[in-house]
Amino acid sequence: MDHLLMNREWTLAELAAAYAYPETGSGPRRPWLRANMVSTLDGAAQHEGRSQPISSAADMRVFGTLRALADVIVVGAETVRQEGYRPARARAEFAAARQAAGQGPAPAVAIVTAGLDLDFALPLFTSPLVPTLILTGASAAPDRVAAAEKAGARVVVAGEGAGIDPARAVRALADLGHTRQLTEGGPRLLGQLVAADVLDELCLTVSPMLSAGDAQRIAGGPSVTVPRRFELASLLEEDGFLFSRYRRS
(Lines give C-alpha, C1' and ligand atoms only; values in the text may rest on other atoms or scores of the structure.)
Protein backbone atom coordinates (compact mmCIF):
# COMPACT_ATOMS: atom_id res chain seq x y z
CA MET A 1 0.00 0.00 0.00
CA ASP A 2 1.46 3.31 -1.06
CA HIS A 3 1.08 6.63 0.71
CA LEU A 4 1.59 8.97 -2.20
CA LEU A 5 5.39 8.88 -2.58
CA MET A 6 6.10 5.83 -0.41
CA ASN A 7 6.30 2.92 -2.85
CA ARG A 8 5.99 -0.06 -0.52
CA GLU A 9 3.33 -2.01 1.32
CA TRP A 10 2.47 -0.61 4.72
CA THR A 11 2.61 -2.82 7.80
CA LEU A 12 -0.50 -3.32 9.92
CA ALA A 13 1.10 -1.17 12.63
CA GLU A 14 1.61 1.67 10.15
CA LEU A 15 -1.98 1.35 8.96
CA ALA A 16 -3.20 1.43 12.56
CA ALA A 17 -1.19 4.60 13.21
CA ALA A 18 -2.54 6.23 10.04
CA TYR A 19 -6.14 5.46 11.00
CA ALA A 20 -5.85 6.07 14.76
CA TYR A 21 -8.84 7.68 16.42
CA PRO A 22 -8.26 11.29 17.49
CA GLU A 23 -6.92 11.86 20.98
CA THR A 24 -9.16 13.88 23.28
CA GLY A 25 -6.66 15.03 25.88
CA SER A 26 -6.77 14.17 29.57
CA GLY A 27 -10.54 14.32 29.98
CA PRO A 28 -13.13 11.66 29.14
CA ARG A 29 -13.06 10.45 25.55
CA ARG A 30 -15.86 11.90 23.48
CA PRO A 31 -17.49 9.55 20.99
CA TRP A 32 -16.08 9.55 17.46
CA LEU A 33 -18.15 7.87 14.76
CA ARG A 34 -16.43 6.85 11.55
CA ALA A 35 -17.89 5.00 8.59
CA ASN A 36 -16.05 2.59 6.34
CA MET A 37 -17.59 2.06 2.90
CA VAL A 38 -16.56 1.01 -0.61
CA SER A 39 -17.87 2.40 -3.90
CA THR A 40 -17.21 1.78 -7.58
CA LEU A 41 -16.22 4.62 -9.89
CA ASP A 42 -19.87 4.99 -10.92
CA GLY A 43 -21.16 5.11 -7.36
CA ALA A 44 -22.31 1.54 -6.65
CA ALA A 45 -21.88 0.44 -3.03
CA GLN A 46 -22.68 -3.18 -3.83
CA HIS A 47 -22.77 -5.68 -6.67
CA GLU A 48 -25.61 -8.20 -6.56
CA GLY A 49 -26.36 -7.09 -3.00
CA ARG A 50 -22.87 -7.56 -1.55
CA SER A 51 -19.77 -5.38 -1.20
CA GLN A 52 -17.22 -8.19 -1.59
CA PRO A 53 -17.20 -8.20 -5.44
CA ILE A 54 -16.03 -4.57 -5.54
CA SER A 55 -13.44 -4.97 -2.78
CA SER A 56 -9.79 -6.11 -2.85
CA ALA A 57 -7.16 -7.66 -0.59
CA ALA A 58 -5.86 -4.19 0.34
CA ASP A 59 -9.40 -3.02 1.08
CA MET A 60 -9.83 -5.97 3.43
CA ARG A 61 -6.57 -5.04 5.21
CA VAL A 62 -7.96 -1.56 5.85
CA PHE A 63 -11.32 -3.10 6.82
CA GLY A 64 -9.61 -5.36 9.37
CA THR A 65 -7.48 -2.53 10.75
CA LEU A 66 -10.46 -0.24 11.26
CA ARG A 67 -12.26 -3.02 13.11
CA ALA A 68 -9.20 -3.66 15.27
CA LEU A 69 -9.13 0.01 16.33
CA ALA A 70 -12.84 0.21 17.21
CA ASP A 71 -14.72 -0.38 20.45
CA VAL A 72 -17.93 -1.16 18.59
CA ILE A 73 -19.07 -1.86 15.03
CA VAL A 74 -22.51 -0.41 14.25
CA VAL A 75 -24.37 -2.11 11.42
CA GLY A 76 -27.90 -2.23 10.06
CA ALA A 77 -29.97 -5.41 10.31
CA GLU A 78 -30.35 -5.71 6.52
CA THR A 79 -26.57 -5.62 6.09
CA VAL A 80 -26.22 -8.30 8.77
CA ARG A 81 -28.55 -10.50 6.73
CA GLN A 82 -27.10 -9.74 3.29
CA GLU A 83 -23.42 -9.90 4.20
CA GLY A 84 -23.68 -12.88 6.57
CA TYR A 85 -22.17 -11.01 9.50
CA ARG A 86 -20.17 -12.91 12.08
CA PRO A 87 -18.75 -11.74 15.43
CA ALA A 88 -15.59 -9.64 15.31
CA ARG A 89 -12.57 -11.80 16.07
CA ALA A 90 -9.53 -11.20 18.23
CA ARG A 91 -6.36 -10.68 16.21
CA ALA A 92 -2.96 -11.36 17.70
CA GLU A 93 -1.37 -8.52 15.70
CA PHE A 94 -3.50 -5.95 17.53
CA ALA A 95 -3.79 -7.61 20.96
CA ALA A 96 -1.12 -5.52 22.71
CA ALA A 97 -2.38 -2.24 21.24
CA ARG A 98 -5.96 -2.98 22.26
CA GLN A 99 -4.88 -3.88 25.78
CA ALA A 100 -2.83 -0.68 26.06
CA ALA A 101 -5.86 1.34 24.90
CA GLY A 102 -8.04 -0.27 27.57
CA GLN A 103 -10.04 -2.25 25.02
CA GLY A 104 -11.25 -5.83 25.10
CA PRO A 105 -9.93 -8.49 22.72
CA ALA A 106 -12.40 -7.58 19.97
CA PRO A 107 -15.02 -4.92 19.28
CA ALA A 108 -18.67 -5.52 20.02
CA VAL A 109 -21.15 -5.60 17.14
CA ALA A 110 -24.20 -3.34 17.56
CA ILE A 111 -27.11 -4.09 15.24
CA VAL A 112 -29.53 -1.28 14.44
CA THR A 113 -33.02 -2.71 14.02
CA ALA A 114 -36.61 -1.61 14.54
CA GLY A 115 -38.30 -5.01 14.17
CA LEU A 116 -35.56 -7.26 15.61
CA ASP A 117 -36.12 -9.59 12.64
CA LEU A 118 -32.92 -11.49 13.31
CA ASP A 119 -31.86 -15.13 13.43
CA PHE A 120 -30.73 -15.59 17.01
CA ALA A 121 -29.12 -18.93 16.13
CA LEU A 122 -26.40 -17.12 14.16
CA PRO A 123 -22.83 -16.96 15.54
CA LEU A 124 -23.35 -13.24 16.27
CA PHE A 125 -25.49 -14.42 19.17
CA THR A 126 -24.22 -17.92 19.92
CA SER A 127 -20.45 -17.37 19.93
CA PRO A 128 -19.33 -13.72 20.16
CA LEU A 129 -16.24 -12.82 22.18
CA VAL A 130 -18.26 -9.96 23.66
CA PRO A 131 -22.06 -9.86 23.77
CA THR A 132 -23.75 -8.50 20.65
CA LEU A 133 -25.69 -5.27 21.18
CA ILE A 134 -29.06 -4.45 19.64
CA LEU A 135 -29.98 -0.78 19.15
CA THR A 136 -33.72 -0.32 18.82
CA GLY A 137 -36.63 1.91 19.78
CA ALA A 138 -38.85 1.94 22.85
CA SER A 139 -41.80 0.50 20.92
CA ALA A 140 -39.96 -2.63 19.77
CA ALA A 141 -42.04 -5.79 20.13
CA PRO A 142 -41.57 -7.15 23.69
CA ASP A 143 -41.46 -10.77 22.50
CA ARG A 144 -38.61 -9.99 20.08
CA VAL A 145 -36.73 -8.08 22.80
CA ALA A 146 -37.16 -11.06 25.14
CA ALA A 147 -35.92 -13.43 22.42
CA ALA A 148 -32.85 -11.28 21.84
CA GLU A 149 -32.02 -11.13 25.53
CA LYS A 150 -32.55 -14.88 25.89
CA ALA A 151 -30.02 -15.35 23.07
CA GLY A 152 -27.46 -13.36 25.08
CA ALA A 153 -27.72 -10.01 23.30
CA ARG A 154 -27.87 -6.73 25.18
CA VAL A 155 -30.80 -4.60 24.01
CA VAL A 156 -30.18 -0.84 24.13
CA VAL A 157 -33.15 1.49 23.67
CA ALA A 158 -32.05 4.50 21.62
CA GLY A 159 -35.30 5.99 20.37
CA GLU A 160 -38.85 6.75 21.46
CA GLY A 161 -40.59 5.05 18.51
CA ALA A 162 -39.87 1.92 16.50
CA GLY A 163 -36.45 2.99 15.27
CA ILE A 164 -33.43 4.69 16.76
CA ASP A 165 -32.49 8.33 17.13
CA PRO A 166 -28.92 8.40 15.75
CA ALA A 167 -27.61 10.99 18.22
CA ARG A 168 -29.10 9.06 21.11
CA ALA A 169 -27.57 5.83 19.80
CA VAL A 170 -24.10 7.41 19.67
CA ARG A 171 -24.50 8.64 23.25
CA ALA A 172 -25.84 5.29 24.47
CA LEU A 173 -22.87 3.43 23.04
CA ALA A 174 -20.49 5.98 24.59
CA ASP A 175 -22.20 5.51 27.95
CA LEU A 176 -21.30 1.81 27.68
CA GLY A 177 -17.66 2.78 27.14
CA HIS A 178 -17.76 2.44 23.36
CA THR A 179 -16.41 5.82 22.25
CA ARG A 180 -14.36 4.58 19.26
CA GLN A 181 -17.29 3.84 16.98
CA LEU A 182 -17.23 2.35 13.48
CA THR A 183 -20.17 1.84 11.16
CA GLU A 184 -20.08 -0.37 8.08
CA GLY A 185 -23.52 0.69 6.90
CA GLY A 186 -25.40 -0.34 4.97
CA PRO A 187 -26.55 2.59 2.85
CA ARG A 188 -29.84 3.12 4.66
CA LEU A 189 -28.18 3.32 8.07
CA LEU A 190 -25.40 5.57 6.78
CA GLY A 191 -28.03 7.86 5.26
CA GLN A 192 -29.70 8.15 8.68
CA LEU A 193 -26.40 9.00 10.33
CA VAL A 194 -25.58 11.63 7.71
CA ALA A 195 -29.04 13.19 7.95
CA ALA A 196 -28.71 13.39 11.75
CA ASP A 197 -25.25 15.01 11.43
CA VAL A 198 -23.58 12.53 13.79
CA LEU A 199 -20.89 11.22 11.42
CA ASP A 200 -17.39 12.49 12.24
CA GLU A 201 -15.36 10.67 9.60
CA LEU A 202 -15.79 8.74 6.36
CA CYS A 203 -13.24 6.17 5.23
CA LEU A 204 -14.15 5.56 1.59
CA THR A 205 -12.52 3.03 -0.68
CA VAL A 206 -12.93 3.96 -4.34
CA SER A 207 -12.83 0.76 -6.38
CA PRO A 208 -11.46 1.08 -9.97
CA MET A 209 -14.52 -0.69 -11.35
CA LEU A 210 -17.63 0.24 -13.32
CA SER A 211 -20.80 -1.70 -12.62
CA ALA A 212 -23.77 0.28 -14.04
CA GLY A 213 -27.09 -1.22 -12.89
CA ASP A 214 -29.23 0.13 -10.08
CA ALA A 215 -27.11 -0.67 -7.02
CA GLN A 216 -27.42 1.59 -3.99
CA ARG A 217 -24.99 4.43 -3.30
CA ILE A 218 -23.07 4.32 -0.01
CA ALA A 219 -25.78 6.42 1.66
CA GLY A 220 -29.50 6.44 0.96
CA GLY A 221 -32.67 8.06 2.24
CA PRO A 222 -33.83 11.67 2.18
CA SER A 223 -31.27 14.31 1.22
CA VAL A 224 -30.01 16.88 3.72
CA THR A 225 -31.02 20.52 3.38
CA VAL A 226 -27.43 21.65 2.90
CA PRO A 227 -24.72 19.14 1.86
CA ARG A 228 -22.24 18.37 4.65
CA ARG A 229 -18.68 19.54 3.98
CA PHE A 230 -15.81 17.23 4.98
CA GLU A 231 -12.06 17.71 4.48
CA LEU A 232 -9.56 15.19 3.14
CA ALA A 233 -7.39 13.82 5.97
CA SER A 234 -5.39 11.18 4.07
CA LEU A 235 -5.22 9.29 0.79
CA LEU A 236 -3.63 5.89 0.17
CA GLU A 237 -3.43 3.88 -3.07
CA GLU A 238 -2.81 0.30 -4.10
CA ASP A 239 -3.45 -1.37 -7.45
CA GLY A 240 -5.78 1.42 -8.56
CA PHE A 241 -7.87 1.35 -5.38
CA LEU A 242 -7.99 4.68 -3.52
CA PHE A 243 -8.38 4.69 0.25
CA SER A 244 -9.59 8.11 1.29
CA ARG A 245 -10.31 9.43 4.75
CA TYR A 246 -12.46 12.51 5.22
CA ARG A 247 -13.23 14.31 8.48
CA ARG A 248 -15.62 17.07 9.48
CA SER A 249 -14.29 20.38 8.24
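Small disclaimer: the values here were computed from a predicted structure and weren't measured.
Note that the CD atom of E201 and the CG atom of L33 stand 9.5 Å from one another [nearest 0.5 Å]. In this structure, the separation between CD1 on I218 and CG on N36 is 10.0 Å, given to the nearest 0.5 Å. Interatomic distance, R50 CZ to Q82 CD, rounded to the nearest 0.5 Å: 9.5 Å. Between the OG atom of S211 and the CD atom of Q46 there is a distance of 10.5 Å, given to the nearest 0.5 Å. Distance check: R89 CZ to S127 OG gives 13.5 Å after rounding to the nearest 0.5 Å. Taking CG of L210 as the reference point, atom CG of L41 lies at 5.0 Å (rounded to 0.5 Å).
Between the side chain of Q99 and the main chain of G102, no donor-acceptor pair closer than 3.5 Å is present. Using modelled atom types, one side-chain atom of R245 and one backbone atom of A18 make a donor-acceptor pair closer than 3.5 Å. Between the side chain of S139 and the backbone N or O of A162, at least one donor-acceptor pair lies under 3.5 Å. Judged by distance alone, with hydrogens and angles left aside, the side-chain atoms of T40 form a donor-acceptor pair with the main-chain N or O of A44 at under 3.5 Å. Using a distance-only test at 3.5 Å, with no hydrogens or angles considered, a donor-acceptor pair links the side chain of Q181 to the main chain of V170. The main-chain N or O of L69 is found under 3.5 Å from a side-chain atom of Q103 such that the two form a donor-acceptor pair. In terms of modelled atom types and a separation under 3.5 Å, the side chain of S207 and the main chain of I54 share a donor-acceptor contact.
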**Message:** Set out, in order, the CA-CA distance, both residues' side-chain angles and the distance that settles side chain to side chain contact (heavy atoms under 4.5 Å, CB included) for D239 and S56, then state yes or no.
**Reply:** CA-CA 9 Å; D239 196 27; S56 69; over 6 Å; no

**Criterion side chain to side chain contact (heavy atoms under 4.5 Å, CB included) on L182 and R67, from CA distance to verdict** = CA-CA 7 Å; L182 169 69; R67 282 186 156 213; 4.1 Å; yes

**Message:** The test is side chain to side chain contact (heavy atoms under 4.5 Å, CB included); show your working for W32 and T179 and say whether it passes.
**Reply:** CA-CA 6 Å; W32 183 270; T179 56; over 6 Å; no

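Here the side chains of F241 and P208 are in contact, with some heavy-atom distance below 4.5 Å. Proximity of F63 to E184: side-chain heavy atoms (C-beta onward) are separated by under 4.5 Å at one or more points. The shortest distance between side-chain heavy atoms of V109 and P87 does not fall below 4.5 Å. For the pair W10 and L236, the minimum side-chain heavy-atom distance is below 4.5 Å. Counting heavy atoms from C-beta outward, R81 and L118 have side chains that approach closer than 4.5 Å. R154 places a side-chain heavy atom less than 4.5 Å from the side chain of L176. Inter-residue side-chain proximity for T113 and R144 is flagged as unmet; no heavy-atom pair is nearer than 4.5 Å. No side-chain heavy atom of H47 sits less than 4.5 Å from a side-chain heavy atom of M209.
The minimum heavy-atom distance between A169 and A158, with the atom names listed, is CA-CB, 3.7 Å. Scanning all heavy atoms of the two residues, the minimum distance from R180 to A101 falls at NH2-O, 3.6 Å. In terms of heavy-atom proximity, A70 sits nearest to P107 at O-CB, 3.3 Å. When every heavy atom of D200 is checked against every heavy atom of F230, the shortest pair comes out as O-CE2, 3.7 Å. Here the shortest heavy-atom pairing between E237 and L242 reads CG-CD2, 3.7 Å. Considering every non-hydrogen atom in both V156 and A172, the closest pair reads CG1-CB, 3.8 Å.
Hydrophobic clustering (ILVMFWY, side-chain heavy atoms < 4.5 Å, transitive): V155 and V130 are in distinct clusters. Note on L199: it clusters hydrophobically with L204, by side-chain heavy-atom contacts below 4.5 Å among ILVMFWY residues. Grouping the Ile, Leu, Val, Met, Phe, Trp and Tyr side chains by contacts below 4.5 angstrom, directly or via other members, places M37 apart from M60. At a threshold of 4.5 Å between side-chain heavy atoms, the hydrophobic network of Ile, Leu, Val, Met, Phe, Trp and Tyr places L124 and L129 in two separate groups.
Residue pairs that meet the salt bridge (Lys or Arg N to Asp or Glu O under 4.0 Å) test with at least one member in residues 208-236, sequence neighbours left out, are D197-R228. Among pairs with a residue in residues 89-142, those fulfilling ring pair (Phe, Tyr, Trp, His ring centres under 6.0 Å) read F120-F125, at least two apart in sequence or across chains.
None of V157, L189, V112 except one satisfies the side chain to side chain contact (heavy atoms under 4.5 Å, CB included) rule with L135; the exception is V112.
Ion pairing between R29 and D71 fails under the 4.0 Å rule for side-chain N and carboxylate O.
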